[in-house]
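Encoded as structure tokens, the structure appears first; notes follow it.
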Amino acid sequence: MWKRIVKVLELAGGMMDELASTTGPRKDMVQNNCLEFMQSIKDIQVSLHDEIRSACEYRPFEKCDYGSRTANEICYRKVEFILSQFDGMKQTIDDYHTIV
């Protein structure tokens with residue numbers, strides 16, 4: 001990218017030299033420099049557009065599994081709690097049957 005920007009600046013400097021020439025600017029030289037300058041500007045614009053678009057699409061936490069791991073841990077704790085409640089109920093039922 002930087003090389004393209006330097007190239008555009010060189011083209012602009014060359015154009016200024018051509019326009020300041022004591023013999024006057026050469027039409028073909030001015031035309032060629034203008035065409036090359038405009039094409040280089042267009043290339044830089046397209047590159048910047050692509051880089052900006054890819055930066056906007058960047059999702060730094062896209063592959064992060066923190067959310068799913070946390071949800072899994074919460075579910076695991078809920079299951080443990082329910083199992084402990086079932087164990088308590090089973091103990092109560094067993095105690096009831098031994099009394100009856």
Side-chain angles (χ1 to χ4, degrees):
M1 174 66 87
W2 293 109
K3 289 181 181 181
R4 284 191 230 169
I5 293 172
V6 169
K7 172 100 169 132
V8 165
L9 293 174
E10 288 173 349
L11 285 170
M15 182 61 72
M16 294 302 288
D17 287 343
E18 186 63 32
L19 292 173
S21 173
T22 56
T23 60
R26 294 173 286 183
K27 183 179 178 182
D28 61 331
M29 188 69 154
V30 170
Q31 186 176 10
N32 289 339
N33 276 356
C34 282
L35 288 173
E36 192 174 352
F37 178 82
M38 293 306 291
Q39 185 60 48
S40 296
I41 291 291
K42 183 179 178 183
D43 293 343
I44 290 170
Q45 181 183 14
V46 168
S47 295
L48 287 173
H49 178 266
D50 291 342
E51 286 188 33
I52 290 168
R53 187 178 58 199
S54 69
C56 291
E57 292 172 354
Y58 176 67
R59 296 181 181 107
F61 302 109
E62 182 176 345
K63 295 182 180 177
C64 179
D65 65 343
Y66 176 77
S68 59
R69 284 188 298 127
T70 303
N72 189 30
E73 183 66 27
I74 291 169
C75 288
Y76 177 77
R77 301 229 182 214
K78 286 179 180 179
V79 169
E80 279 185 328
F81 176 75
I82 291 170
L83 287 175
S84 71
Q85 296 296 312
F86 282 152
D87 287 342
M89 289 169 61
K90 184 180 182 303
Q91 184 63 40
T92 304
I93 291 170
D94 289 345
D95 289 345
Y96 176 77
H97 286 300
T98 55
I99 294 175
V100 176

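Fair warning: this is a prediction, and the values are worked out from it, not measured in the lab.
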ILVMFWY cluster, [X] and [Y] together (side-chain gap under 4.5 Å):
X: I41; Y: L9; result: yes
X: M38; Y: I44; result: yes
X: M89; Y: I82; result: yes

Just wondering, are more than 12 heavy atoms of other shown residues or ligands nearer than 6.0 Å to CD in E80? yes

Examine the side chains of D87 and Q91 and answer whether a donor and an acceptor come within less than 3.5 Å of each other. no

Residues N33 and G14: closest non-hydrogen pair is ND2-C, 4.1 Å

Identify the two heavy atoms, one from D43 and one from R4, that lie closest to each other, and give their separation to 0.1 Å. O-NH1, 3.3 Å

Which value, rounded to the nearest 0.5 Å, describes the distance between [X] atom [atom1] and [Y] atom [atom2]?
X: L83; Y: K78; atom1: CG; atom2: NZ; answer: 14.5 Å
X: K7; Y: Q39; atom1: NZ; atom2: CD; answer: 11.5 Å
X: M29; Y: N32; atom1: CE; atom2: CG; answer: 8.0 Å
X: E10; Y: D17; atom1: CD; atom2: CG; answer: 11.5 Å
X: H49; Y: K42; atom1: NE2; atom2: NZ; answer: 13.0 Å
X: I5; Y: L48; atom1: CD1; atom2: CG; answer: 6.5 Å

Ionic contact status for R77 with E73, cut-off 4.0 Å: yes

